[in-house]
Amino acid sequence: MAAELSPAFILRRNPYRDTSLLLDMFTRDAGKITCVAKFGQGKGTRSKGMLEPFRQLEASWVGKGEVFTLFNAEEKRRFPLKAAGLVRAVYANELLLRALWQHQPQPELFAEYQQLLFRLENPAEVLALPLFELDVLAMAGYVLNLWHDDADGQAIHANCRYRFRPDHGIYPDAGEGKGVPLSGRLLIALREPESMATEQRLELRHTLDYLIQMLLKGKTLNARRLLNE
């Protein structure tokens, strides 16, 4: 029996055998799943064109195990991303592919991803991606406390240096060299990110790179080299 239609996005698609596609999908109700979309010889050209990243779908699937069969898909909206907005969206898709576990619903993150695509329609939007990266990290348990350190509950001070480790949270930098370094100024600036100064935006980019590398066990995202920020 097919699942009910669920909002979904294609994160990645690859040819599969002669007439099919292998789709990695981010769905609101089932999380990240993999589906095979089957098409008859010479048929389904229109449907194949619809099954691309950055198009919001209503989809259903059948089957069990790790790979499902796409049963139905209807396009609801296209996101006409260009230039820097497209590059950032490609990066976000790779991040989701690498960070999400299969078959674990993340409806709040799905909504954040949808909002990210809306914001990236404006190529001048520079904060949408890093804020989304923070959402992905928070989903994985990498939560930055912006108000107090996690060692003894002391208030964050702008002139202090801190470090972050997933099993310790935020704690004052005592020079032991472990964890991801970050400044009190950055933590305070993240309380109102739209007002963040250039210096803090640059630090945020470096901090996110460290945190994502930690999340991915030392690996980096291929699309990272495309970001000029």
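Counting from 1, the numbers follow the sequence of the chain as shown. Since we're looking at a predicted model, the values are computed, not measured.
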Practice task
Answer whether the closest heavy-atom distance between the side chains of Phe9 and Asn93 falls below 4.5 Å.
Solution key: no

Handout entry: Under 3.5 Å: donor-acceptor pair, side chain of Arg13, backbone of Leu51
Key = yes

Exercise for the section: Would you check if the side chain of Arg88 reaches a backbone N or O of Pro123 as a donor-acceptor pair within less than 3.5 Å? Expected result: yes

Problem - Chi angles and distances behind the side chain to side chain contact (heavy atoms under 4.5 Å, CB included) call for Gln114, Arg28 - result: CA-CA 10 Å; Gln114 185 180 40; Arg28 186 192 65 190; over 6 Å; no

Handout entry: Under-4.0 Å salt bridge between Glu121 and Arg78
Key = no

Problem - Check ion pair Arg161-Asp173 (N to O, under 4.0 angstrom) - result: no

Handout entry: pair Tyr16-Lys38: side-chain heavy atoms closer than 4.5 Å
Key = no

Problem - Partner of Tyr113 by side-chain contact (heavy atoms from CB on, under 4.5 Å), out of Leu96, Asp135, Leu95 - result: Leu96

Handout entry: Heavy-atom donor-acceptor pair, Glu94 side chain to Leu221 backbone, under 3.5 Å
Key = no

Problem - Check: Ile170 main-chain N/O paired with Asp150 side-chain donor or acceptor under 3.5 Å - result: yes

Exercise for the section: For the pair Glu75 and Arg55, find out whether any cationic side-chain nitrogen is under 4.0 Å from an anionic carboxylate oxygen. Expected result: yes

Practice task
Kindly check if the number of other-residue, nucleotide or ligand heavy atoms within 6.0 Å of CD (Glu199) is above 12?
Solution key: no

Exercise for the section: Would you indicate whether Glu192, at its atom CD, is surrounded by more than 12 heavy atoms from other residues, nucleotides or ligands within a distance under 6.0 Å? Expected result: no

Practice task
Kindly write out the residues that satisfy side-chain contact (heavy atoms from CB on, under 4.5 Å) with Lys217, not counting sequence neighbours, or none if the list is empty.
Solution key: none

Problem - Electrostatic pair Glu194-Arg119, nearest N-O below 4.0 angstrom - result: yes

Practice task
Report yes if some heavy atom in the side chain of Leu190 is under 4.5 Å from a heavy atom in the side chain of Met196; otherwise report no.
Solution key: yes

Fill in the blank from the handout: Exactly one candidate in Asn222, Thr220, Leu227 meets side-chain contact (heavy atoms from CB on, under 4.5 Å) with Arg224; the answer is Leu227

Problem - Backbone of Leu146 reached by a side-chain donor or acceptor of Arg191 within 3.5 Å - result: yes

